[in-house]
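Because the structure is predicted, anything quoted here is derived from the model rather than measured. Residue indices begin at 1 and follow the sequence shown.
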Amino acid sequence: MRVNNYTYLLAVSLLIASLAAGCAPKTPQDAAPPVAETTENLVPDDAEALEPEIEAAPEVAPGEDLTQTEQAVLNQRFGLLFDLEPHENEEVELFFTYYNHKARKTMERWLQRSQPYLPYVRRVFTQYGLPQDLVLLPFVESGYNVRAYSWAGAGGMWQFMRGTGKLYGLKSDWWIDERRDPYKATDAAARHLRDLYDKFGDWYLALAAYNAGEGKISRALKQANCDDFFELTEKNRKLSRRTRLKQETRHYVPKFIAISKIFQNLDTLGFEPVSWDMEYDLTKVEVPGGTDLLALARAGGMTWSEFHDLNPAFRRQVSPPHMEAVAYLPVDKADKMLAYLAEPGSRPYAGYTRYRVRSGDSWWVISRRYGVPINVLKSVNNTRSNALHPGQYVMVPGRGSSKTAVAAAASDSSSSTAQTRAIAAKRGNYVVRSGDTLWTIAQTFNTTVSTLKKSNGLRSSRLKVGQKLYIPNSTDAATKQAVKDAGKVKTQLVHYKVRRGDNLYSISRKFGVKVSDLCHWNAISTKTTIYAGQQLKVYVQ
């Protein structure tokens with residue numbers, strides 16, 4: 001459910017909230033995150049509240065006994081689970097019963113929502129050598145909701161606080177909130193969990209610290225003079241009021257254990273099995289600062305909603321002008337979208353104005369002041385609301401009108417053209433022959449002269465015999481023959497060192513080769529996980 005009035009009220013509460021125990025990791029020092037200058041910086045317009053089942057403290061309802069099958073599952077021991085004492089198992093049973101019965105439909109919804117992300121999370125946690133059970137932690141944090149925000153300001157699938165996210169490289173500002181990037185946030189969560197385990201040497205304590213903060217758990221353990229989570233919860237009442245663990249943290253580990261038991265026994269408990277084949281087929285690209293994301297989406301035949309579902313980190317329909325940002329493009333649409341990115345006109349908002357709303361302002365007033373239509377203003381700011389609040393910031397497209405912006409755009413254009421030519425030369429799939437013109441090539445491959453120029457960074461129509469061109473989305477017989485002809489050019493073996501964030505598709509694009517060839521040369525399959533530092537053979541022309 002989209003948040004309307006909730007968003008504003010939530011944002012206001014964030015300004016007055018100090019460090020509190022929300023379903024979120026805190027900074028290791030338990031320091032409160034820096035307060036942003038306006039509420040607009042804290043909560044996106046499309047924020048979604050955590051579902052009540054996340055923070056529920058269930059009680060056993062009369063007649064809500066477990067079946068024999070459910071009781072057998074509850075008594076199983078596996079994964080991170082140790083032998084629990086009867087009193088320690090009581091709260092586990094409480095949550096196990098809750099998610100099997102009263103909150104069963106919610107659990108089913110969470111399982112369905114997790115399917116596009118589970119395979120990636122499992123690969124990352126395997127890479128970091130973490131227990132596989134931990135891939136279930138986003139169920140406890142957010143129900144695997146990438147858009148979720150807690151009242152305390154924790155955001156994303158992993159519910160990072162801004163301060164903790166910043167420590168692990170997640171940017172969060174008016175333009176972008178990388179805590180909502182399921183891929184970057186997953187890598188950050190893996191590193192954070194690894195650090196917590198290194199600190200406490202126990203996964204239950206590490207999980208409690210993920211929720212309450214490293215400092216909070218350290219102080220509680222010291223005062224209780226123990227090193228066990230369940231012993232700590234037993235002694236909790238004896239701790240000073242400031243050191244005492246909140247109910248949410250005391251419930252955190254039992255809830256995780258209960259959900260783990262359910263997930264490991266979905267068939268037995270009558271849930272639909274999770275499909276591990278629903279991962280999004282995406283390619284990761286760096287988009288330049290100030291890129292028109294709406295136009296990028298349309299270049300791939302996507303609506304803004306479809307693009308934003310795959311790229312929830314973006315808070316505007318323009319990428320942050322001050323930095324390159326990561327975007328995830330559907331593989332089957334990537335060619336057209338990459339061709340758009342190669343165009344100098346893909347960054348029309350180099351001269352944007354970040355306007356601070358004053359008392360008496362409205363969308364109409366701002367529209368008249370800057371000569372920008374109201375629908376464009378709302379679209380760029382990713383909002384449908386008519387409400388504006390003094391102190392709030394909105395982005396006003398400048399369309400590169402200032403002298404500085406024009407100069408920057410000209411520089412970007414030159415750089416972009418050269419880069420496009422270099423990329424096209426690497427992935428060229430057509431060799432120019434005697435008598436060829438851009439028009440005849442465009443006719444042969446059912447494309448346009450404009451598309452060929454943009455895809456190859458050409459400013460004129462002049463061609464040279466033997467020149468290699470990149471023909472986007474061309475699969476007919478003539479293209480296959482052209483590819484064979486291009487293959488006659490002398491090849492060179494390159495030993496490529498895999499970088500962080502690389503995948504087989506992005507590497508194949510980088511060198512203009514097929515993924516199947518890349519797999520053949522390295523005796524791997526398309527399902528093989530590659531890792532940073534790995535050496536791959538690439539034969540380039």
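Under a 3.5 Å cut-off, the side chain of Ser275 and the backbone N or O of Asp277 do form a donor-acceptor pair. A side-chain donor-acceptor contact under 3.5 Å links Asn100 to the backbone of Phe96. For Arg315 (side chain) and Trp175 (main-chain N/O), no donor-acceptor pair under 3.5 Å exists by modelled atom type. In this structure, Thr291 contributes its side chain and Val287 its backbone to no donor-acceptor pair below 3.5 Å. A donor-acceptor pair under 3.5 Å is formed between the side chain of Ser319 and the backbone N or O of Gly290. Put simply, the side chain of Lys184 never gets that close to the backbone of Gly169: no donor and acceptor are under 3.5 Å apart. Without hydrogens or angle criteria, Arg244 side chain to Leu239 main chain gives a donor-acceptor distance under 3.5 Å. Under a 3.5 Å cut-off, the side chain of Arg179 and the backbone N or O of Ala185 do not form any donor-acceptor pair. In this structure, the side chain of Arg122 does not engage the main chain of Gln132 through any donor-acceptor pair within 3.5 Å. In terms of modelled atom types and a separation under 3.5 Å, the side chain of Glu178 and the main chain of Lys171 share a donor-acceptor contact.
By the 6.0 Å contact criterion, CZ on Arg499 is open, its count of non-hydrogen atoms from other residues, nucleotides or ligands being 12 or less. Sparse packing is recorded around CG of Asn225, with 12 or fewer heavy atoms of other residues, nucleotides or ligands lying under 6.0 Å away. More than 12 heavy atoms of other residues, nucleotides or ligands shown are found within 6.0 angstrom of CD on Gln535. Other residues, nucleotides and ligands contribute more than 12 heavy atoms inside 6.0 Å of the CD atom of Glu324.
For the atom pair CG (Asn381) and CD (Gln392), the distance works out to 8.0 Å, reported to the nearest 0.5 Å. Taking CG from Leu310 and CG from Leu329, the interatomic distance works out to 9.0 Å, rounded to the nearest 0.5 Å. To the nearest 0.5 Å, the span separating CD on Glu90 from CG on Leu94 amounts to 9.5 Å. Here the straight-line distance linking atom CG of Asn503 with atom CG of Asp281 works out to 9.0 Å at 0.5 Å rounding. Remark: His251 NE2 to Glu91 CD distance equals 4.0 Å, nearest 0.5 Å.
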Pair Leu388-Ile366, side chain to side chain contact (heavy atoms under 4.5 Å, CB included): steps then yes or no: CA-CA 11 Å; Leu388 289 174; Ile366 299 172; 3.9 Å; yes
Leu167 vs Met161, side chain to side chain contact (heavy atoms under 4.5 Å, CB included): CA-CA, chis, key distance, verdict: CA-CA 10 Å; Leu167 285 176; Met161 295 295 284; over 6 Å; no
Determine whether Val394 and Leu377 satisfy the following criterion, side chain to side chain contact (heavy atoms under 4.5 Å, CB included), listing intermediate values before the conclusion. CA-CA 8 Å; Val394 297; Leu377 285 172; 6.0 Å; no
Please lay out, stage by stage, how Asp195 and Tyr168 fare under the test side-chain hydrogen bond (donor to acceptor under 3.5 Å, both in side chains). CA-CA 11 Å; Asp195 292 346; Tyr168 288 92; 2.7 Å; yes
Would you please test Phe230 and Tyr204 for ring pair (Phe, Tyr, Trp, His ring centres under 6.0 Å) and show each step? CA-CA 9 Å; Phe230 288 101; Tyr204 287 163; 5.7 Å; yes
Output, in order, the C-alpha distance, side-chain angles, deciding distance and verdict of salt bridge (charged side-chain N to carboxylate O under 4.0 Å, His left out) for Glu51 and Arg113. CA-CA 13 Å; Glu51 293 157 288; Arg113 189 160 59 197; 2.8 Å; yes
In sequence, state the C-alpha distance, the side-chain angles, and the governing distance for Tyr144 and Phe139, and then conclude on side chain to side chain contact (heavy atoms under 4.5 Å, CB included). CA-CA 5 Å; Tyr144 258 99; Phe139 287 117; 3.7 Å; yes
Show, in sequence, the C-alpha distance, side-chain angles and deciding distance for Glu279 and Arg123, and conclude whether the salt bridge (charged side-chain N to carboxylate O under 4.0 Å, His left out) test is met. CA-CA 12 Å; Glu279 185 176 7; Arg123 286 199 302 274; 2.6 Å; yes
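Annotation: cation-pi pair Arg180/Trp158 absent, no NZ/CZ under 6.0 Å from the ring centroid and within 45° of its normal.
Look at Asp309 and Arg147 and you find a salt bridge, because one of the NZ, NE, NH1 or NH2 atoms lies within 4.0 Å of a carboxylate O, short of that distance.
In this structure, Lys235 and Leu245 have side chains that are not in contact, with every pair of non-hydrogen atoms separated by 4.5 Å or more. Leu50 has its side chain within reach of Gln159: a pair of non-hydrogen atoms, C-beta onward, lies under 4.5 Å apart. The shortest side-chain heavy-atom distance between His101 and Glu70 falls under the 4.5 Å cut-off. Looking at heavy atoms from C-beta onward, Arg104 lies out of side-chain contact with Tyr98 at the 4.5 angstrom threshold. Contact of the Ser385 side chain with the Trp363 side chain is not registered, since no non-hydrogen atoms from C-beta on lie closer than 4.5 Å.
Ring-plane geometry between Tyr210 and His192 is classed as tilted, the angle between the planes lying from 30 to 60 degrees on a 0 to 90 degree scale. Classification of the Phe314-Phe307 ring pair by plane angle, with boundaries at 30° and 60°, yields parallel. Tyr183 and Tyr328 have tilted rings, their planes meeting at an angle from 30° to 60° on a 0 to 90° scale. Between Tyr99 and Trp110, the ring-plane angle classifies as tilted under the 30° and 60° cut-offs.
Between Asp177 and Tyr149, the side chains place a donor N or O and an acceptor N or O closer than 3.5 Å (distance only, hydrogens not considered). Asn211 and Glu248 are linked by a side-chain donor-acceptor pair at a separation below 3.5 angstrom, with hydrogens and angles left out of the test. A donor atom on one side chain and an acceptor atom on the other are found under 3.5 Å apart for Asp502 and Tyr496.
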